[in-house]
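Worksheet: the structure to be examined is printed underneath.
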Amino acid sequence: MRFAAVGVANTLIDVVLFMLLHDRLGILAANCVSTIAGMTFSFVVNGLFTFRADRLTLRHAALFLATNAVTLWMVQPLVIHGLLALLEDVVGPDDLLVLGAKLVAIGVSFVLNFVAYRFVVWPAAGTREADRTGSVSSDPRP
């Protein structure tokens, strides 16, 4: 739930900036700017709030950046361009189609990011309490 809540805020930052900038900068540059803004917010809030890291380290930052470089700067533009190529001839180019393609791309990256954050970027977050007490927590939160 924490990841989803942060994701909603992050998505609003990303989508609003993307929609404001895509006509002026083009899809690639607008996506880069909007995802950097959202990524900065996401790193801090997911690290400290969602995955409850004691502190944010350079290792976390490097793994987080690598994850997002793939999901936000490679996967998202491919999904957006792929959907536009498939649907533009049927629907015609318009902002609603671009927005829809961006939202689908965000959904794909949401799933990929959660898996990477949980198991690669902050894998120890769920085991910290067990390390301190010597037992596994009954807390069902991820």
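Owing to the predicted nature of the structure, the values given are computational and were not obtained by experimental measurement.
- Atom CZ of Phe114 and atom CZ of Phe51 lie 5.0 Å apart (nearest 0.5 Å).
- Here the closest non-hydrogen pair linking Asp94 and Leu97 is OD1-N, 2.8 Å.
- Between Trp122 and Leu56 the shortest side-chain heavy-atom distance falls below 4.5 Å.
- Within the structure, ring-ring contact (aromatic ring centres under 6.0 Å, His included) contacts touching residues 67-90 (residues at least two apart or in different chains) do not occur.
- Taking Phe110 as the reference, Phe3 meet the ring-ring contact (aromatic ring centres under 6.0 Å, His included) condition, with sequence neighbours excluded.
- By the side chain to side chain donor-acceptor pair (under 3.5 Å) test, Thr57 pairs with His60, sequence neighbours left out.
- For residues 56-76, there are no salt bridge (Lys or Arg N to Asp or Glu O under 4.0 Å) pairs, not counting sequence neighbours.
- Under the 4.5 Å side-chain heavy-atom criterion for grouping Ile, Leu, Val, Met, Phe, Trp and Tyr, Leu65 is not connected to Phe41 through any hydrophobic cluster.
- Connectivity analysis of hydrophobic side chains (ILVMFWY, heavy atoms under 4.5 Å, direct or indirect) links Val75 to Val70, Met74, Val79, Leu83, Val104, Val108, Leu112.
- Here the closest heavy-atom approach between residue Ile80 and residue Ala101 is recorded as CG1-O, 3.8 Å.
- With sequence neighbours excluded, the residues forming a side chain to side chain donor-acceptor pair (under 3.5 Å) with Asn46 are Ser42, Thr50, listed by chain and number.
- A continuous path of Ile, Leu, Val, Met, Phe, Trp and Tyr side chains, each step under 4.5 Å between heavy atoms, connects Ile27 with Leu86, placing both in one hydrophobic cluster.
- With sequence neighbours excluded, no residue satisfies side chain to side chain donor-acceptor pair (under 3.5 Å) with Thr11.
- At a threshold of 4.5 Å between non-hydrogen side-chain atoms, the residues Asn31 and Leu28 do not count as touching.
- Put simply, CG on Leu63 and OG1 on Thr67 are 6.5 Å apart, with the number rounded to the nearest 0.5 Å.
- Nearest heavy-atom pair across Ile13 and Gly38 is CG2-N, 3.8 Å.
- Across all their heavy atoms, Cys32 and Thr35 have their closest contact at O-OG1, 3.1 Å.
- Heavy atoms only, all atoms of each residue included: Phe64 and Met39 are closest at CE2-CG, 3.1 Å.
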**Request:** Take Asn10 and Ile106, measure what side-chain contact (heavy atoms from CB on, under 4.5 Å) needs, and give me the verdict at the end.
**Result:** CA-CA 10 Å; Asn10 180 57; Ile106 287 170; over 6 Å; no
Can I get a per-line list of side-chain donor-acceptor pairs under 3.5 Å for residues 15-26, giving both atom names and the distance, sequence neighbours left out?
from: His22; atom 1: ND1; to: Met19; atom 2: O; distance (Å): 3.4
from: His22; atom 1: NE2; to: Asp95; atom 2: OD1; distance (Å): 3.2
from: Arg24; atom 1: NH1; to: Leu20; atom 2: O; distance (Å): 2.4

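- By the side-chain contact (heavy atoms from CB on, under 4.5 Å) test, Phe49 pairs with Arg2, Val6, Val45, sequence neighbours left out.
- Here salt bridge (Lys or Arg N to Asp or Glu O under 4.0 Å) pairs that include residues 11-21, with residues two or more places apart or in two chains, are Asp14-Lys102.
- Remark: Val115 pairs with Phe119 by the side-chain contact (heavy atoms from CB on, under 4.5 Å) rule, at least two apart or across chains.
- Sequence neighbours left out, not one pair with a member in residues 67-78 passes salt bridge (Lys or Arg N to Asp or Glu O under 4.0 Å).
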